[in-house]
Amino acid sequence: MIILGTASDIKLLTKDGRRLDGRTNEELRPIKIETGVLNRADGSAYIEWGGNKILVAVYGPREAYPKHTQNINKAIVKARYNMAAFSVDERKRPGPDRRSIEISKVISEALDQAIMVEQFPRTQIDVFIEVLQADAGTRIAGLTAATVAVASAGIPMKDFVVGCTAGKVEGKVVLDLSKEEDNFGQADLPMAVLSKSGKVVLLQMDGDLSVEEFDQATEMILTATKRINEIQREALSTRFVAEIEEGGE
Ligand code: UDP
């Protein structure tokens with residue numbers, strides 16, 4: 001879709017207060033997670049979240065290389081977020097850029113908080129996040145799927161990492177920004193937490209929110225993460241129930 005005009009004259013809410021895709025302000029886009037999708041990876045997951053389509057492959061824990069990067073106390077979590085050239089409207093130049101390096105770093109740090117890294121000194125855990133189709137919120141969708149992929153690799157974890165975004169459009173706080181809302185809205189707040197403890201492991205913000213709006217946005221995100229965590233758990237249990245059933249045949 002080609003959108004003409006400046007950010008200020010783009011209407012993102014209809015007269016009855018609905019969003020352009022028909023959602024209410026607290027409604028998530030549809031989310032689907034599948035695991036065990038790649039045979040050669042130790043763990044894998046595929047997520048569709050709105051128009052986002054993202055594959056995650058996990059390898060490890062394996063000996064960290066080069067050796068001087070090894071940590072004698074824990075495993076190093078190395079996430080690599082990559083957008084395919086065809087994943088966005090305007091062809092994305094292949095290879096890492098500032099944005100993907102930043103996203104890889106914040107995702108690595110978030111996963112490091114959930115994985116029992118102390119159990120695997122001198123090793124690395126590689127998490128490849130490949131965005132096949134991008135539709136806003138890819139860092140959070142990638143991280144949410146990466147958690148499932150790590151768990152499916154049998155890597156011990158203290159907790160799930162689960163996230164969502166919220167933001168502001170036309171002065172209203174809304175959950176799970178669409179691409180138009182992300183591009184032309186007034187704020188974008190991606191956040192991820194550990195599901196049991198609620199500890200915040202990723203928090204970034206673009207734009208402006210008042211303290212009240214920030215509280216409202218984080219409250220909405222926390223409520224949504226409960227539902228998203230159920231989807232993560234269902235993906236894992238579906239896979240492992242299927243495996244047990246196949247093994248029992
Ligand atoms: N985007 C794009 N080209 C780029 C980077 C991003 O078209 O090179 C789009 C893509 O749809 C992405 C959205 O802009 O999902 C928002 O990007 P942002 O940097 O806010 O990260 P995200 O919301 O995906 O975590």
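Atoms within each ligand, like the ligands themselves, are counted from 1 in listed order.
- Summarising the contacts of atom 19 (O) of ligand 1 with Met83, Lys179, Arg99, Glu102, the nearest heavy atom is found in Arg99.
- Considering backbone and side-chain N/O of Tyr81, none are found under 3.5 Å from N/O of ligand 1.
- Remark: the Arg99 side chain and the Tyr81 side chain contain an N/O donor-acceptor pair separated by less than 3.5 Å.
- With hydrogens left out, the protein atom closest to atom 15 (O) of ligand 1 is Ala136 N, 2.8 Å, a heavy atom.
- Of the N and O atoms on the side chains of Glu102 and Gln204, at least one donor lies less than 3.5 Å from an acceptor on the other residue.
- Nearest protein heavy-atom neighbour of atom 20 (O) of ligand 1: Asp182 OD2, 3.4 Å.
- For ligand 1, one of its N or O atoms has an N or O atom of Arg139 under 3.5 Å away.
- Considering CD of Glu181 and CD1 of Ile10, their distance stands at 12.0 Å, rounded to 0.5 Å.
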*Which is it for Thr147 and Val56 under the side chain to side chain contact (heavy atoms under 4.5 Å, CB included) test, yes or no, and what are the steps along the way?*
CA-CA 9 Å; Thr147 305; Val56 184; over 6 Å; no
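- Not one N or O of Ile103 is nearer than 3.5 Å to an N or O of ligand 1, by distance alone.
- Using a non-hydrogen distance threshold of 4.0 Å, Asp188 registers as a contact of ligand 1.
- Contact check on Arg80 versus Glu130 returns a salt bridge, with a Lys/Arg side-chain nitrogen under 4.0 Å from an Asp/Glu carboxylate oxygen.
- Atoms of ligand 1 lying under 4.0 Å from at least one heavy atom of Ala134, given by number and element, are 10 (C), 11 (O), 15 (O).
- Side chains of Asp159 and Ser195: a donor on one and an acceptor on the other come within 3.5 Å.
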*asked:* What verdict does the side chain to side chain contact (heavy atoms under 4.5 Å, CB included) test give for Met205 and Met191, after you've listed the backbone C-alpha separation in whole Å, the side-chain angles of each residue and the deciding distance to 0.1 Å?
replied: CA-CA 9 Å; Met205 192 169 107; Met191 175 170 152; over 6 Å; no
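- Atom 14 (O) of ligand 1 has Asn183 OD1, 4.3 Å as its closest protein atom, hydrogens excluded (heavy atom only).
- When heavy-atom distances to ligand 1 are checked against a 4.0 Å cut-off, Val88 comes that close only through its side chain, counted from C-beta outward.
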_Test side chain to side chain contact (heavy atoms under 4.5 Å, CB included) on Arg29 and Trp49; report intermediate values, then the result._
CA-CA 6 Å; Arg29 293 175 289 178; Trp49 182 326; 3.8 Å; yes
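- Residue contacts with ligand 1, taken as heavy atom pairs separated by less than 4.0 Å, do not involve Glu90 at all.
- In terms of protein heavy-atom proximity, atom 8 (O) of ligand 1 is nearest to Lys92 CD, 4.1 Å.
- Among protein heavy atoms, atom 24 (O) of ligand 1 sits closest to Thr138 OG1, 2.5 Å.
- Side-chain contact check for Tyr46 and Thr35: no donor-acceptor pair (N or O, by modelled atom type) lies under 3.5 Å.
- Side-chain contact annotation: Glu180 with Asn183, donor-acceptor N/O pair under 3.5 Å absent.
- For atom 23 (O) of ligand 1, the closest heavy atom belonging to the protein is Gly137 N, 2.8 Å.
- Using a 4.0 Å heavy-atom cutoff, Pro190 is absent from the residues neighbouring ligand 1.
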